[in-house]
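As the structure lists them, so they are numbered: ligands from 1, and atoms in each ligand from 1. Since this is a predicted model, take the numbers as computed values, not measurements.
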Amino acid sequence: MLAAVTLFMFVCFTATTNADHHHHPCHTPNITGLMAVMSLKGEVKACGAFTYDSTGKKLRFRSNESHPVNSSIGLDILMFFDEGIFYEIDSKNQSCEKKKLHCTMHPLDIPDDAKFYASMTTGSASIEGEGLKVNVWTGGFTDSKDHYSMSVTMGCLPVSTLYFFEATPFLFSIMEVEMEIKDPDLLVVPSYCHGQPLEETPEGTINSFLHEFI
Ligand SMILES: *[C@@H]1O[C@H](CO)[C@@H](O)[C@H](O)[C@H]1NC(C)=O
Ligand SMILES: *[C@@H]1O[C@H](CO)[C@@H](O)[C@H](O)[C@H]1NC(C)=O
Ligand SMILES: *[C@@H]1O[C@H](CO)[C@@H](O)[C@H](O)[C@H]1NC(C)=O
Ligand SMILES: *[C@@H]1O[C@H](CO)[C@@H](O)[C@H](O)[C@H]1NC(C)=O
């Protein structure tokens, strides 16, 4: 399924660059859902559940250990984009690391400076219930030639985000989205993380949601 989505994005990119009425990207509402992260070298990096508070700019992602793949990584992260910090949590041995966030870009929300690319329908536009209409937004990174492409539904629910990193492109697929925060506790720093000192960032390291998978 992931491969199909990717192929679709590549093949159809030149399809319908029509409307110019979408000047400003929409913003994702509060959502809960599943996320699959795949490098386009063919590695599934992680599959798991996320909770996103779009008002408070908080994101929790926990990879599901029932979906182990050889290249997958066990991850439990809680990010506070406004504060510029995040926690890497290990709930099994109740430990955590608190780190500085250097880049707030993530695959669930369209950056404000993204450019509208196109509207298109996956599946069928003419058969009721068999199509999904998406808006595609694109943008770049200030410090490199890398760029991204994000697809969202008409209601601004994220569908997929493709990061065209020169080294390895990454695809984030979003599924089973619900427009609510089902478990608000997931966005609260666990008590065993309280008082955790901020880790020093090693020279040359960049911390961001994306970098957790690279
Ligand atoms: C999103 O969730 C947060 C935390 O539960 C809440 O404070 C905020 O009002 C919600 N935003 C919307 C638009 O519902
Ligand atoms: C992990 O995946 C399994 C199988 O798909 C599912 O039953 C389970 O609820 C998932 N666990 C979490 C924490 O998402
Ligand atoms: C993962 O690697 C092990 C040994 O390196 C191998 O036996 C196993 O088949 C691999 N599993 C998958 C899903 O690739
Ligand atoms: C917790 O467990 C992980 C591996 O499961 C280990 O790397 C880490 O050092 C442990 N932390 C503590 C404080 O024991």
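The six-membered or imidazole ring of Phe165 lies near that of Phe141, with a centre-to-centre distance under 6.0 Å.
Note on residues 164-214: pairs passing disulfide (SG to SG under 2.5 Å), not counting sequence neighbours, are Cys96-Cys193. A salt bridge (Lys or Arg N to Asp or Glu O under 4.0 Å) check over residues 155-178, counting only residues at least two apart or in different chains, returns the pairs Glu178-Lys182.
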**Asked** How far apart are the C-alpha atoms of Leu210 and Cys103, what are their side-chain angles, what is the distance that settles it, and do they pass the side-chain contact (heavy atoms from CB on, under 4.5 Å) test?
**Response** CA-CA 9 Å; Leu210 308 178; Cys103 164; 5.8 Å; no
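The side-chain hydrogen bond (donor to acceptor under 3.5 Å, both in side chains) test applied to Asp53 returns no partner, not counting sequence neighbours.
Remark: Asp76 engages Arg60 in a salt bridge, criterion side-chain N to carboxylate O under 4.0 Å.
Residues of the protein with a heavy atom under 4.0 Å from ligand 1 are Asn30, Asp53, Thr55, Ile181, listed by chain and number.
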